[in-house]
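Structure first, commentary second.
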Amino acid sequence: MRIASSLLLALTLSAAPDDGGLDRAKLDAVRDRLAARQTASFLVLRRGRIAYEWYSAKSGPDKPHYTASLAKALVGGMSLVAALDDGRMKPDDPAWKHIPAWKDDPRRSKVTIRQLATHTSGIQDAEHEGTPHDKLTGWMGAFWARKPDPFTVALHQAPVIFEPGTDNAYSNPGMAALAYAVTASLKGAPQSDIDSLLRERFMRPLGVADRDWSIGYGRAYEVDGMKLYANWGGGGFTARATARVGLLMLQRGQWNGRQLVSRAWVEKVLTHAGMPDPKPGAPGDPVPSSGLAWWLNAKGSWPGVPRDAFAGAGAGQQLLVAIPSLDLVIVRNGGAMNPPGGKAGFWRPLVDEVIRPVVEAVAEPAPYPPSSAIRGVTFAPASEIVRKAVGSDNWPLTWMDDGAQFTSYGDGWGFEPRVEKKLSMGFARLTGGPADFRAENVRSASGERVGDGRKGAKASGLLMVDKALYMWVRNVDVAQLVWSEDRGRSWTWGFKFETGFATPAFLNFGRNYAGARDEYVYLYSQDGASAYESDDRLVLARAPKSRLRERAAWEFFVRPDEAGRAVWTRDIAQCGEAFRYPRNVQRVDAVYHPGLKRYLLALGYNHEGGWGLYDAPEPWGPWTTAFHTPHWGFGGTHGYRLPAKWIEADGKTMWLVFSGTKENDAFCLRRLTLETGTSRTTAPTAP
């Protein structure tokens, strides 16, 4: 075996692999297991750099490896996203627009581009009960023998065995039809075939030399006046060339400051395509969902792996997997990992031996030193998590003057009985304790909004002070302050900040803001324009609680002075950082813990289970780490909230509200216990 040590343009081999926030000993263990299971190459990128690279004695960084069906992503997926981005086709185009011979066929005329890219077209695969390809007869044998050519066989001889779009059945001829359609769409384009399209659009800008990749079993076929290349197999890519394609998609089409393909289309092809998902080939095989020519972990079928993971894969368990939330790309090439006669299925060895172990090797250090006030955090067993309002998420909370809590949900129908239509922003009132709380939806014609995801307004932070409710609303350009004098039934819409403050969250104290440190209200936010991206820092603002509705009353934290007191400015452009964790600052919640006399931040790093709990003696720090995890282990959790009302009198028991787990968002409630130590802090000082 050998470890490569050469440089790779934009992918630079790290001199110390654990510099990428990866545990080298764990990766060495992964390598040892893979080396014993017919692995030729194992490559891990972190933050755009090669963090770990290993090859068997018969392989190397400059030796292309066959792709098998990994080509469906590297060739089929990449050529498709280019054609979509250029407006040459749409996912729901009938395929006959690009394959005219199908127009009058009763079943083929119903097939769409989306169905071809997701194996839901109904076109039968050229496989039969495990028979080797060279032993197949009839049209199946002709497809693999490529006589006269595989495209003519796929388009005219492969039967459609179910109504298009009603089921999922893996289909190499279906991918051949997609290659024909994409090529037909290129008529009049600068590159009129898939090979030249990939070379000019992607591979050369990525710095991949021609010798490092090939497609189409090494040849093209002239059919209907077009030069056609196979997109279902027959490729040869070095591990590094494969990794670059994965990194480009992870970076949403951007490479070294250039947008090679639009972010919007990359996100669309890496979103669940809305078609029937594949079925396991063996009991318990964790089969992923379908994007457009990419496999997705969108439904959490890979235990212990973030749901934003996407992959390409092929026979012999060739693998490319990218995980944006962890800034991680993995490539594995070699022979089949399954033991002789094994029944583990295709995906189980890849998840158990490659994907999850590398995820578990992510050892991202916390951005601040350990807390001396909170020496540990213990969570109740996962089996005790309470899930209500299934299908809704978000859940900022505040403690009202009457003892109830007020909250807002997003992209759902609220608590039972659910509202009649899905809302991007709805409201609810909670009464009682964490063990027996009751919830009822609060209707508001002036506050409710509709629209999914980033297209709909959503509550970012809530606060009751002096019997008035205040709410910051995101996804309305920059965040906007609104307020209610009648407990959330009607809302007045106020000002917006000029820049930044994508997800403002109030610092909550006790009931109706009781126990506040002073006459100010404090506000945290990630410093960016989008609630769906991770930024580098948190910013902090404040205003007198009697003047919250006046934009001119707000001032912004600049830095602590030499005595640790806050320096403030009226100029938002001079706003400094209150917390820093590069590439890991997203949505935040903040509460004052009266028993510890500490300020607590629950900070989400992403939407895939990375988050931390931090504490400080002042709202601006200095921060220490009570809890930190790059991946919590529940899949796509996000929106971590610390209800002030549910901090128990013992000062050690708290309750965490978060969104997610399992397939749906929900109001998720989990008990946590703080192990407290002798604090080195004093009571908060005046600002």
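The structure displayed is predicted, hence computed values, not measured ones.
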Val305 and His631: CA distance, side-chain angles, deciding distance, side chain to side chain contact (heavy atoms under 4.5 Å, CB included) verdict: CA-CA 8 Å; Val305 178; His631 181 56; 5.6 Å; no

Shortest non-hydrogen contact from Asp125 toward Trp139: O-CH2, 3.6 Å

Check residues 194-203 and write down every donor-acceptor pair under 3.5 Å in which the side-chain atom is one partner and the other belongs to a residue at least two apart or another chain.
| unit_1 | atom_1 | unit_2 | atom_2 | d |
| --- | --- | --- | --- | --- |
| Asp195 | OD2 | Arg199 | NH1 | 2.8 |
| Asp195 | OD2 | Arg199 | NH2 | 3.3 |
| Ser196 | OG | Asp193 | O | 3.2 |
| Ser196 | OG | Asp193 | OD1 | 3.2 |
| Ser196 | OG | Asp193 | OD2 | 3.2 |
| Arg199 | NE | Asp210 | OD1 | 3.2 |
| Glu200 | OE2 | Arg204 | NH1 | 2.8 |
| Arg201 | NE | Leu260 | O | 2.9 |
| Arg201 | NH1 | Asp86 | OD1 | 3.2 |
| Arg201 | NH1 | Asp86 | OD2 | 2.9 |
| Arg201 | NH2 | Asp85 | OD2 | 2.9 |
| Arg201 | NH2 | Asp86 | OD1 | 3.2 |

Shortest non-hydrogen contact between Pro173 and Ile123, atoms and distance: CB-CG2, 3.9 Å

Any Ser109 side-chain heavy atom under 4.5 Å of Lys103 side chain: no

Salt bridge (Lys or Arg N to Asp or Glu O under 4.0 Å) partners for Asp92, two or more places apart: Arg114

Derivation and outcome, side chain to side chain donor-acceptor pair (under 3.5 Å), residues Thr39 and Arg332: CA-CA 7 Å; Thr39 297; Arg332 185 267 175 190; 3.1 Å; yes

Any side-chain heavy-atom pair of Tyr55 and Pro61 under 4.5 Å: yes

Pair Trp294 + Phe310: ring centers closer than 6.0 Å: yes

Trp295-Phe346 aromatic ring centre distance below 6.0 Å: no

Pairwise distance CG(Leu186) to OG(Ser79) - rounded to 0.5 angstrom: 8.0 Å

Minimum heavy-atom distance Pro288-Ser301, with the two atoms named: CA-OG, 3.5 Å

Qualifying ring pair (Phe, Tyr, Trp, His ring centres under 6.0 Å) pairs with a residue from residues 91-110, counting only residues at least two apart or across chains: none

Candidate pair Ile330 and Leu320, rule side chain to side chain contact (heavy atoms under 4.5 Å, CB included), full reasoning: CA-CA 6 Å; Ile330 310 165; Leu320 163 64; over 6 Å; no

Asn168 and Met275: CA distance, side-chain angles, deciding distance, side chain to side chain contact (heavy atoms under 4.5 Å, CB included) verdict: CA-CA 8 Å; Asn168 188 299; Met275 305 304 294; over 6 Å; no

Heavy-atom check, side chain of Leu248 versus side chain of Met78, under 4.5 Å: yes

By side chain to side chain contact (heavy atoms under 4.5 Å, CB included) - contacts of Val287 (at least two apart): Pro278, Pro280, Asp285, Trp347

Candidates Leu70, Val44, Thr242 - the one meeting side chain to side chain contact (heavy atoms under 4.5 Å, CB included) with Val331: Thr242

Nearest-0.5 Å distance that lies between atom CG in Leu326 and atom CG in Asn606: 7.0 Å

Sub-4.5 Å side-chain heavy-atom contact between Lys455 and Asn475: no

Contact check, side chains of Pro91 and Trp265, non-hydrogen atoms, under 4.5 Å: yes

Contact list for residues 141-151, test side-chain hydrogen bond (donor to acceptor under 3.5 Å, both in side chains), sequence neighbours left out: Arg146-Tyr221, Asp149-Thr152

Pairs meeting criterion ring pair (Phe, Tyr, Trp, His ring centres under 6.0 Å) with involvement of residues 166-191, two or more places apart: His119-Tyr170

Flag side-chain contact, heavy atom, 4.5 Å: Trp255 against Leu247: yes

Contact summary for Ser424 and Gly451, nearest pair of heavy atoms: CB-O, 2.8 Å

Side-chain heavy-atom pair Ser192, Lys227 within 4.5 angstrom cut-off: no

Salt bridge (Lys or Arg N to Asp or Glu O under 4.0 Å) involving Glu353 - partner list, sequence neighbours excluded: Arg33, Arg37

Nearest-0.5 Å distance that lies between atom CG in Leu292 and atom NE2 in His272: 10.5 Å

Side-chain touch Thr183/Met226, heavy atoms, less than 4.5 angstrom: yes

Salt-bridge present (Arg211, Asp62; N to O < 4.0 Å): no

Interatomic spacing from CG in Leu45 to CZ in Arg240 - rounded to 0.5 Å: 10.0 Å

Shortest non-hydrogen contact between Arg474 and Ala502, atoms and distance: CB-O, 3.4 Å

Inter-residue atom distance Glu608.CD - Gln586.CD, 0.5 Å rounding: 9.5 Å

For Lys458, salt bridge (Lys or Arg N to Asp or Glu O under 4.0 Å) partners two or more places apart: Asp411

For Gln259, all residues meeting side chain to side chain contact (heavy atoms under 4.5 Å, CB included), sequence neighbours excluded: Gln254, Arg263

Which residues share a salt bridge (Lys or Arg N to Asp or Glu O under 4.0 Å) with Lys97, sequence neighbours left out: Asp93

Would you be so kind as to tabulate the donor-acceptor pairs closer than 3.5 Å made by side chains of residues 129-136, with sequence neighbours excluded?
| unit_1 | atom_1 | unit_2 | atom_2 | d |
| --- | --- | --- | --- | --- |
| Thr131 | OG1 | His128 | O | 2.8 |
| His133 | NE2 | Glu127 | OE1 | 3.3 |
| His133 | NE2 | Glu127 | OE2 | 2.9 |

Intermediate values then yes/no, side chain to side chain contact (heavy atoms under 4.5 Å, CB included), Ser69 and Asn172: CA-CA 9 Å; Ser69 287; Asn172 288 287; 4.1 Å; yes

Partner residues of Glu163 under the side-chain hydrogen bond (donor to acceptor under 3.5 Å, both in side chains) criterion, sequence neighbours left out: Lys110

Tyr532 six-ring face occupied by Arg454 cation (under 6.0 Å, within 45°): yes

Spacing of CH2 belonging to Trp302 relative to CZ belonging to Arg356, to within rounding of 0.5 Å: 12.0 Å

